[in-house]
Colleague: 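Quick one: this structure, given as structure tokens, is what I'll be asking you about.
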Amino acid sequence: MSVDAVIVLAAGAGTRMKSDTPKVLHQVLGTSLVGHVLAAATELAPKQTVVVVGHGREQVVEHLTAIHPSANTVVQEQQNGTGHAVRLAMAAIDAATATSVLVLAGDTPLLTAATLNALVSVHVSAHAAVTVLTAVLPDPSGYGRVVRDTHGHVTGIVEQKDADAAILEIAEINSGVYVFDIAALTQHLAGLSTDNAQGEEYLTDVIGAAVAAGQTVVASVAQDHREILGVNDRRQLAQAAAVMRDRINADHMAAGVTMLDPATTWIAPSVTLAADVVIEPGCQLFGATSIAGGAVIGPHTTLTDTEVGAGAHVRRTEATLAIIGPRADVGPFTYLRAGTVLGANSKAGAYVEIKAADIGDGSKVPHLSYVGDATIGRDTNIGAATVFVNYDGVSKSRTVVGDSVRIGSDTMLVAPVVVGDGAYTAAGSVIYEDVPPGAMGVARARQRNVLDWVLRRRSGTSSAAAAQRAQELSGTQDSTQDSTKEQE
Ligand code: UD1
Ligand code: CA
């Protein structure tokens with residue numbers, strides 16, 4: 001099913017959010033409220049989309065330009081009501097190419113394309129002037145109530161603030177989502193008044209006017225009333241996020257993903273997971289992240305725009321714009337930044353940060369290292385506490401490390417520098433010249449032991465006493481001469 005045009009109402013202040021950010025820009029699972037609404041509406045392939053903006057409109061327009069550049073925006077300077085907002089929007093719709101329009105609010109992120117499709121189907125098959133999406137709520141307070149006659153036909157919508165006691169008893173509410181025949185809508189928008197409790201032009205009055213004019217008005221009742229939840233305050237923002245999380249997790253589990261704790265697993269709609277992925281507790285997966293089969297993610301891992309290969313294991317890790325190869329072993333406490341590419345069977349271990357670096361198949365960075373702007377070959381081992389010194393304070397340079405290299409612990413690789421295939425570096429070296437293939441690069445000072453320094457300079461301490469005991473046991477003579485120890 002498709003509609004010709006979509007109008008999204010997003011001019012309201014969102015006062016109850018108590019926020020400097022316009023309400024529709026608040027996020028649920030990494031996407032703005034209005035972004036979720038537009039994503040669902042776009043699946044109906046409308047020819048035109050108009051968003052009515054008002055409060056915080058610079059920010060809202062900037063955001064819309066970024067996420068949905070084809071949408072037109074219309075400014076409503078004063079929020080004179082939903083009917084007024086739709087009338088302004090209609091001026092931007094090309095009525096020559098459109099007969100029906102879908103109207104929704106920018107603060108209902110849980111609406112699905114399936115529900116909108118069903119609404120449009122009902123509208124088309126009933127040849128209706130207006131089709132309204134309704135829901136039966138356990139607690140309908142605050143919403144407009146759907147009034148029906150004794151035959152069950154919709155006769156109008158009455159706002160909470162205008163309702164008498166009998167109408168307040170009605171549990172069926174107006175979701176604020178409608179499909180209108182454009183001719184009927186235009187006709188009745190012209191006749192709206194502000195003669196109501198809020199002194200606003202109510203879009204809902206179009207329904208009563210259409211019924212009075214003898215036009216067909218039908219309601220489509222939402223299967224799941226949670227879909228129409230509007231976000232007006234931070235509590236509802238959290239509720240909406242939880243509903244969306246549960247919905248997404250249920251879909252993944254139905255498709256063969258194991259989740260040890262779905263309540264602490266937050267997966268954006270844009271993420272793809274293969275069957276037989278295992279998600280441990282406390283994970284967040286955002287953006288264009290994709291996980292191949294057999295991978296185990298978590299616990300406590302946040303991946304954004306990251307690709308994880310089959311059978312990889314990623315624990316207690318934060319990664320953005322990284323590619324983690326098949327069967328790679330990552331974590332715990334690992335930070336993979338943009339441009340990290342870990343090969344198959346590679347390892348990035350505890351307290352390791354990697355940025356803009358290719359780590360070849362089977363290579364390992366097991367402990368306490370920074371790898372920035374580097375290319376590392378296959379089957380190479382980077383010793384603990386190695387730093388790729390990539391920045392001289394002005395510009396960044398790259399380091400190239402070959403295949404089957406052994407970088408000794410605590411090596412500084414001062415870029416630009418190349419360590420050839422099969423080379424070694426000695427622990428504690430500051431490598432600032434290339435190391436040829438097969439060579440051992442040693443770049444550190446010789447060790448000097450100042451004998452008996454502690455006995456002379458720290459006498460009376462526990463260290464001096466321990467040294468004294470050791471010397472007595474081994475029969476070492478006091479000496480005031482320095483010596484050096486053979487290294488390598
Ligand atoms: C509206 C409906 C109510 C329905 C409820 C569902 C009317 C009169 N009432 O009430 O029947 O149960 O939605 O959530 O329509 N907006 C503008 N310009 C305005 C006024 C509102 O753009 O001048 C936008 C708001 O930003 C919001 C949407 O329209 O996105 C709905 O407005 P809101 O004031 O929240 O309407 P409700 O009182 O909730
Ligand atoms: Ca509302």
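Start at 1 and go down the list; that is how both ligands and their atoms are numbered. Because the structure is predicted, anything quoted here is derived from the model rather than measured.
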Colleague: In sequence, state the C-alpha distance, the side-chain angles, and the governing distance for Asp358 and Thr375, and then conclude on side chain to side chain donor-acceptor pair (under 3.5 Å).
Modeller: CA-CA 5 Å; Asp358 260 287; Thr375 303; 5.1 Å; no
Colleague: State whether the side chain of Arg145 and the backbone N or O of Ile173 hold a donor-acceptor pair below 3.5 Å, judged by distance alone.
Modeller: no
Colleague: Which one holds for Lys23 and ligand 1: side chain close, backbone close, both close, or neither close, with close meaning a heavy atom under 4.0 Å?
Modeller: neither
Colleague: Quiz question: by atom type and distance under 3.5 Å, do the side chains of Thr112 and Glu227 form a donor-acceptor pair?
Modeller: yes
Colleague: Is the closest N or O pair between Thr204 and ligand 1 shorter than 3.5 Å?
Modeller: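 N/O-N/O distance below 3.5 Å does not exist for this pair.
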Colleague: Side chain of Lys23, backbone of Met17: donor and acceptor closer than 3.5 Å?
Modeller: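 Not confirmed, Lys23 side chain does not pair with Met17 backbone.
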Colleague: List the residues meeting side chain to side chain donor-acceptor pair (under 3.5 Å) with Asp261, not counting sequence neighbours, and say none if there are none.
Modeller: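 By the side chain to side chain donor-acceptor pair (under 3.5 Å) rule, Asp261 matches Thr264.
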Colleague: Just distances here: any N/O of Gly176 and N/O of ligand 1 closer than 3.5 Å?
Modeller: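 No.
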Colleague: Can you tell me how far apart NE2 (His26) and CD (Gln236) are? Round to the nearest 0.5 Å.
Modeller: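 One finds 13.0 Å between NE2 of His26 and CD of Gln236.
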Colleague: Quick one: CG on Leu203 to CZ on Arg87, what's the gap to the nearest 0.5 Å?
Modeller: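 Taking CG in Leu203 and CZ in Arg87, the distance rounds to 11.0 Å.
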Colleague: So, is Tyr202 polar-close to ligand 1, with some N/O to N/O distance under 3.5 Å?
Modeller: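 No, Tyr202 has no N/O under 3.5 Å of an N/O on ligand 1.
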Colleague: For ligand 1, is there an N or O atom under 3.5 Å from any N or O atom of Val52?
Modeller: no
Colleague: Any nitrogen or oxygen of Thr82, side chain or backbone, less than 3.5 Å from one on ligand 1?
Modeller: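 N/O-N/O distance below 3.5 Å exists for this pair.
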Colleague: When you look for heavy atoms under 4.0 Å from ligand 1, do you find them on the side chain of Ala85, its backbone, both, or neither?
Modeller: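 Just the side chain.
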Colleague: I'd like to check which ligand 1 atoms, numbered from 1 as shown, lie under 4.0 Å from a non-hydrogen atom of Ser175.
Modeller: 6 (C), 14 (O)
Colleague: Compute the minimum heavy-atom distance from Ala10 to ligand 1 and say whether it is under 4.0 Å.
Modeller: yes
Colleague: Any nitrogen or oxygen of Gln76 lying under 3.5 Å from a nitrogen or oxygen in ligand 1? Just yes or no.
Modeller: yes
Colleague: Are any of the N or O atoms of Gly12 closer than 3.5 Å to those of ligand 1?
Modeller: yes
Colleague: Going by ring pair (Phe, Tyr, Trp, His ring centres under 6.0 Å), name the residues that satisfy it together with Tyr351, two or more places apart in sequence or in a different chain.
Modeller: Phe333
Colleague: Going by atom types alone, do Gln78 and His84 pair a side-chain donor with an acceptor below 3.5 Å?
Modeller: no
Colleague: Going by the order shown, which atoms of ligand 1 are within less than 4.0 Å of some heavy atom of Glu159?
Modeller: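 What qualifies from ligand 1 is 2 (C), 3 (C), 7 (C), 8 (C), 9 (N), 10 (O), 11 (O).
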Colleague: Check whether Thr65 reaches the backbone of His63 with its side chain - one donor and one acceptor, N or O, closer than 3.5 Å.
Modeller: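 Looks like no, no N/O pair under 3.5 Å.
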Colleague: Please identify which atoms of ligand 1 are closer than 4.0 Å to at least one heavy atom of Gly144.
Modeller: 3 (C), 4 (C), 11 (O), 12 (O)
Colleague: Please identify which atoms of ligand 1 are closer than 4.0 Å to at least one heavy atom of Ala105.
Modeller: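 Taking each heavy atom of Ala105 in turn, ligand 1 has 28 (C), 30 (O) under 4.0 Å.
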Colleague: Under 3.5 Å, N or O to N or O, is Leu9 touching ligand 1 that way?
Modeller: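 The answer is yes, given that Leu9 and ligand 1 share an N or O pair closer than 3.5 Å.
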Colleague: For ligand 1, indicate whether the residue Asn80 contacts it via side chain, backbone, both or neither (heavy-atom separation under 4.0 Å).
Modeller: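 The answer is the backbone of Asn80.
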